[in-house]
Number of protein chains: 2
Amino acid sequence: MRAKPLPAETRRAVTVEAVIELAAERDPGEITTAAIASHMKLTQGALFRHFPSKDAIWEAVMEWVAERLLARVDRAAAQAASPVAALQAVFHTHVDFVTEHPGVPRMLFGELQRAEATPAKRLARTLLERYGERIRRLLEAGKAAGEVSAALDIEAAATLFVGTLQGLIMQSMLAGDLLRIRRDAPRVFAIYLAGIRSAT
Amino acid sequence: MRAKPLPAETRRAVTVEAVIELAAERDPGEITTAAIASHMKLTQGALFRHFPSKDAIWEAVMEWVAERLLARVDRAAAQAASPVAALQAVFHTHVDFVTEHPGVPRMLFGELQRAEATPAKRLARTLLERYGERIRRLLEAGKAAGEVSAALDIEAAATLFVGTLQGLIMQSMLAGDLLRIRRDAPRVFAIYLAGIRSAT
DNA sequence: CGCTTTAGTGAGTAATTGCTCACTATCTTA
DNA sequence: TAAGATAGTGAGCAATTACTCACTAAAGCG
């Protein structure tokens with residue numbers, strides 16, 4: 001059956017969604033253009049009417065991820081009453097995002113693995129850099145407000161923040177159970193919080 | 001030039017080393033049998049005289065990793081004077097291992113991504129499970145010795161321990177600078193330590 | 001040394017992958 | 001509604017990949 005023609009922009013958006021859905025259940029590196037097309041009920045050739053190359057598809061996907069994740073995280077932080085509350089809100093927003101789109105962390109990490117400097121990899125890097133920047137700013141504010149230890153090593157604490165999330169994701173990949181993240185997230189964050197409060 | 005014939009066992013060991021070296025500089029998923037062979041100055045066909053399939057090569061590699069990592073970590077833990085000292089020793093031993101073999105974390109994470117249940121993936125999982133087990137045991141001992149908070153959530157603390165390492169690795173992949181791990185590791189561990197000491 | 005076993009070669013193969021293109025169906029709009 | 005623009009099809013191409021095999025060189029051993 002012939003696929004219904006969609007406006008180019010819409011088709012591109014649908015493509016990005018298809019990739020994100022596929023990444024939830026298989027190794028991003030093994031997602032072929034044929035698989036993407038078939039998942040959206042399209043022939044493979046049609047994809048190349050909307051993207052000049054497979055790399056361009058990945059680039060669009062990473063753009064989607066970067067935009068959405070940062071926007072949600074910023075919104076969550078803005079509504080919080082204090083720096084530490086903001087950190088906690090960011091943490092849980094990130095966890096929510098990941099459970100909604102399990103493919104995302106796999107793609108991010110997968111991109112970072114790549115040897116060649118593709119545009120998608122560049123986007124992944126800037127996303128993580130901007131993310132870290134936000135965390136560091138919140139930690140600084142927390143220090144100023146006396147909510148975290150005055151002696152806290154901000155850079156290390158930011159690394160650990162991201163690592164905390166990374167550890168949860170890895171654990172859930174091990175267990176093959178995404179919902180596990182939701183259960184464990186508050187418990188792990190509690191230890192992190194104790195760390196940045198009492199670090200010397 | 002014809003490669004010097006090696007005894008089968010030696011050739012297999014050399015192959016495993018070649019893979020680990022290659023994984024240090026490129027995405028493990030993109031390591032082809034041709035690349036492995038050329039890196040050890042052999043023709044591709046020769047590989048299949050020693051391994052029945054590419055999967056079998058990966059299996060051998062994961063065995064190598066699991067054995068070495070656990071052995072070193074156990075040795076480090078055994079020599080420590082107290083549970084918390086052991087945790088710290090394990091942490092730094094792991095960091096050392098990773099800086100010596102940068103390809104290892106990439107392969108481990110890459111294996112976990114795989115959709116199909118290959119033997120290599122199974123090995124990666126059991127390695128991480130056994131690793132977590134050891135961490136939990138040390139944390140329990142630390143609790144008994146009064147070195148860490150009596151209220152500590154052991155499971156969450158173990159997840160965070162692995163995440164701490166994961167965060168460091170990711171950060172260094174971002175920066176493209178492996179040595180960075182060495183510099184940051186003690187700083188990040190200090191915060192972790194403060195966390196498990198004062199968690200409530 | 002001669003003979004058997006073992007390991008390496010290199011030319012293949014079948015399958016898969018990203019990508020192209022001539023053609024066709026559908027949409028838009030004058 | 002006619003015509004041009006837009007989007008989808010499906011066959012096919014070139015490159016790559018894991019894997020095979022008949023042959024050859026080297027190692028080990030009596």
Side-chain angles (χ1 to χ4, degrees), chain A residues 1-19 22-23 26-62 107 110-111 113-121, chain B residues 1-19 22-23 26-62 107 110-111 113-121:
Chain A
M1 190 188 51
R2 196 181 178 91
K4 187 177 181 191
L6 292 184
E9 201 177 338
T10 312
R11 184 55 84 196
R12 277 195 294 271
V14 171
T15 307
V16 167
E17 276 166 40
V19 170
L22 281 173
R26 73 174 79 172
D27 179 4
E30 286 168 4
I31 295 177
T32 65
T33 55
I36 299 169
S38 117
H39 190 258
M40 41 197 298
K41 273 143 191 153
L42 210 62
T43 55
Q44 190 226 16
L47 278 184
F48 291 91
R49 195 167 289 284
H50 302 291
F51 296 92
S53 70
K54 193 193 182 188
D55 268 359
I57 298 179
W58 281 99
E59 197 179 344
V61 171
M62 293 308 306
M107 290 188 305
E111 271 316 305
Q113 299 260 35
R114 306 283 296 277
E116 334 102 74
T118 63
K121 183 177 179 181
Chain B
M1 191 188 50
R2 197 181 177 90
K4 187 175 183 193
L6 292 183
E9 201 177 338
T10 311
R11 185 55 85 194
R12 277 195 294 271
V14 171
T15 307
V16 167
E17 276 166 40
V19 170
L22 281 173
R26 73 175 80 172
D27 179 5
E30 286 167 3
I31 296 177
T32 66
T33 55
I36 298 168
S38 117
H39 190 258
M40 40 196 300
K41 273 145 191 152
L42 210 63
T43 55
Q44 191 223 17
L47 277 185
F48 291 92
R49 194 168 290 282
H50 302 290
F51 296 93
S53 70
K54 194 193 182 188
D55 267 1
I57 298 178
W58 281 100
E59 197 178 344
V61 171
M62 292 310 306
M107 289 189 305
E111 272 315 307
Q113 298 261 37
R114 305 283 294 276
E116 334 102 74
T118 63
K121 183 178 177 180

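Below, chains carry the letters A, B, ... as their sequence lines are ordered, and counting in each starts from 1. For the numbers below, each heavy atom of this structure counts, side chains included, while hydrogens, waters and symmetry mates do not.
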Interatomic distance where [atom1] belongs to [X] and [atom2] belongs to [N] [whole Å]:
X        : N       : atom1 : atom2 : answer
Ile31(B) : dA18(D) : CD1   : P     : 11 Å
Ile36(A) : dT17(C) : CD1   : P     : 12 Å
His50(A) : dA5(D)  : NE2   : P     : 18 Å
Arg2(A)  : dG10(D) : CZ    : C1'   : 10 Å
Arg12(A) : dT6(D)  : CZ    : C1'   : 13 Å
Phe51(B) : dA7(C)  : CZ    : P     : 12 Å
Met40(A) : dG8(D)  : CE    : C1'   : 11 Å
Leu6(A)  : dT26(C) : CG    : P     : 14 Å

Below 3.5 Å between N/O atoms, which protein atoms pair up with nucleotides 19-22 of chain C? Just atom names and distances, please.
{"from": "dC19(C)", "atom 1": "OP2", "to": "Lys54(A)", "atom 2": "N", "distance (Å)": "2.5"}
{"from": "dC19(C)", "atom 1": "N4", "to": "Gln44(A)", "atom 2": "OE1", "distance (Å)": "2.2"}
{"from": "dC19(C)", "atom 1": "N4", "to": "Gln44(A)", "atom 2": "NE2", "distance (Å)": "3.3"}

Result block: side-chain N/O donor-acceptor pairs under 3.5 angstrom for residues 113-120 of chain B, not counting sequence neighbours:
{"from": "Gln113(B)", "atom 1": "OE1", "to": "Arg106(A)", "atom 2": "NE", "distance (Å)": "3.1"}
{"from": "Gln113(B)", "atom 1": "NE2", "to": "Arg106(A)", "atom 2": "O", "distance (Å)": "3.2"}
{"from": "Arg114(B)", "atom 1": "NE", "to": "Glu30(A)", "atom 2": "OE2", "distance (Å)": "3.4"}
{"from": "Arg114(B)", "atom 1": "NH1", "to": "Glu111(B)", "atom 2": "OE2", "distance (Å)": "3.3"}
{"from": "Thr118(B)", "atom 1": "OG1", "to": "Lys121(B)", "atom 2": "N", "distance (Å)": "3.1"}

For this session: Starting from the 5' end of DNA chain D, give me the residue, Leu42(A) or Ala3(B), whose nearest nucleotide shows up first.
Result: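 The 5'-side residue here is Leu42(A).
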
List for me each residue that meets side-chain contact (heavy atoms from CB on, under 4.5 Å) alongside [X], sequence neighbours excluded, and say none if there are none.
X        : value
Ser53(B) : Asp55(B), Ala56(B)
Ala3(A)  : Arg11(A), Leu42(A)
Thr32(B) : Ala34(B), Ala35(B)

Problem set entry | Steps toward side-chain contact (heavy atoms from CB on, under 4.5 Å) verdict (Val61(B), Met107(B)) | CA-CA 9 Å; Val61(B) 171; Met107(B) 289 189 305; 3.7 Å; yes

For this session: Would you mind classifying the nucleic acid contact of Thr43(A) as base, sugar-phosphate or nothing, using non-hydrogen atoms under 4.0 angstrom?
Result: base

Exercise. What nucleic acid atoms does Leu47(B) come within less than 4.0 Å of, heavy atoms only: base, sugar-phosphate, or nothing?
Worked result: nothing

Considering non-hydrogen atoms only, spot the tightest contact between [X] and [Y] and give its length.
X        : Y        : value
Ala60(B) : Phe51(B) : CB-CE2, 3.9 Å
Ile31(B) : Lys54(B) : O-NZ, 2.9 Å
Thr33(A) : Leu47(A) : O-CD1, 3.4 Å

Distances under 3.5 Å between nitrogen or oxygen atoms of protein and nucleotides 28-30 of chain C:
none

Problem set entry | Shortest side-chain distance from Ala8(A), nucleotide among dA18(D), dA7(D), dG18(C) | dA7(D)

For this session: Check His50(B), Met40(B), His39(B) against Thr15(B) for a side-chain contact (heavy atoms from CB on, under 4.5 Å) and give me the one that passes.
Result: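 Running side-chain contact (heavy atoms from CB on, under 4.5 Å) over His50(B), Met40(B), His39(B) with Thr15(B) returns exactly one hit, Met40(B).
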
For this session: Establish, with yes or no, whether the OP1 or OP2 oxygen of dG8(C) is under 4.0 angstrom from a side-chain nitrogen or oxygen of Arg11(B).
Result: yes

